[in-house]
Novice: 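Right, I'll just put the structure down here and ask away after.
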Amino acid sequence: MNRIGLGYDRHRLVVGRPFLLGGVRIPHTHGPLGHSDGDALLHALTDAVLGAAGLDDLGSLYSDKDPQNAGRDSADFARDASARVKAAGFRIVSLDAVVIVELPRIGPRRAEIRQRISELFEVALDAVNVKGKSGEGFAPIATGELIEVHAVALLERVGR
Ligand code: MG
């Protein structure tokens with residue numbers, strides 16, 4: 001039995017925060033504001049895999065009210081969610097995401113981001129994809145103030 005999950009996230013981009021995307025740090029003037037490291041791509045993917053498995057969502061499992069999650073590396077959420085999904089009897093078949101942000105450009109770092117996601121969620125590299133889109137002139141994305149991510153995950157039930 002296969003299951004599809006959808007994940008979505010958005011973060012305000014502010015001066016002086018490190019820009020993390022899919023667990024990869026990209027040099028940029030602005031970075032995502034957030035209680036954790038604000039990695040919108042890992043947050044959306046994490047919610048997609050949790051959703052597909054019928055588990056609790058990112059906000060419930062790794063609350064932004066919990067001081068333990070302050071400044072937290074979102075790779076921890078991704079690895080933990082991946083383990084929970086497997087413990088629930090699923091294999092992650094594929095992950096795909098659209099990242100909507102003006103700057104930095106995703107293209108030059110795409111291969112590295114795919115590789116990192118593949119490692120964190122333990123999914124074959126050719127079953128992980130990430131596409132970048134610009135704001136097409138529309139604020140607040142085109143003005144560099146916002147990053148938005150849409151992600152989907154396909155899971156299959158294994159061993160039962
Ligand atoms: Mg988030």
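Note that the structure is a prediction, hence the values are computed from the model and not measured. In each ligand, atom 1 is the first atom listed, and ligand 1 is the first ligand listed.
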Novice: If I consider every N, O or S atom in His11, which one ends up closest to the Mg ion (ligand 1)? I only need its name.
Specialist: NE2
Novice: What closest approach, in Å, do Ala52 and Gly5 show between heavy atoms, and which atom pair accounts for it?
Specialist: CB-N, 3.4 Å
Novice: So, Tyr62 and Asp80: side-chain donor and acceptor under 3.5 Å apart, yes or no?
Specialist: yes
Novice: If hydrophobic clusters are built by linking Ile, Leu, Val, Met, Phe, Trp and Tyr wherever their side-chain heavy atoms come under 4.5 Å apart, do Val149 and Val152 end up in the same one?
Specialist: no
Novice: Within rounding of 10°, what is the angle whose vertex is the Mg ion (ligand 1) and whose arms end at ND1 of His43 and OD2 of Asp9?
Specialist: 90°
Novice: On the 0 to 90° scale, with breaks at 30° and 60°, tag the His28-Phe19 ring pair as parallel, tilted or perpendicular.
Specialist: perpendicular
Novice: Has Asp39 got an N, O or S atom lying less than 2.8 Å from the Mg ion (ligand 1)?
Specialist: no
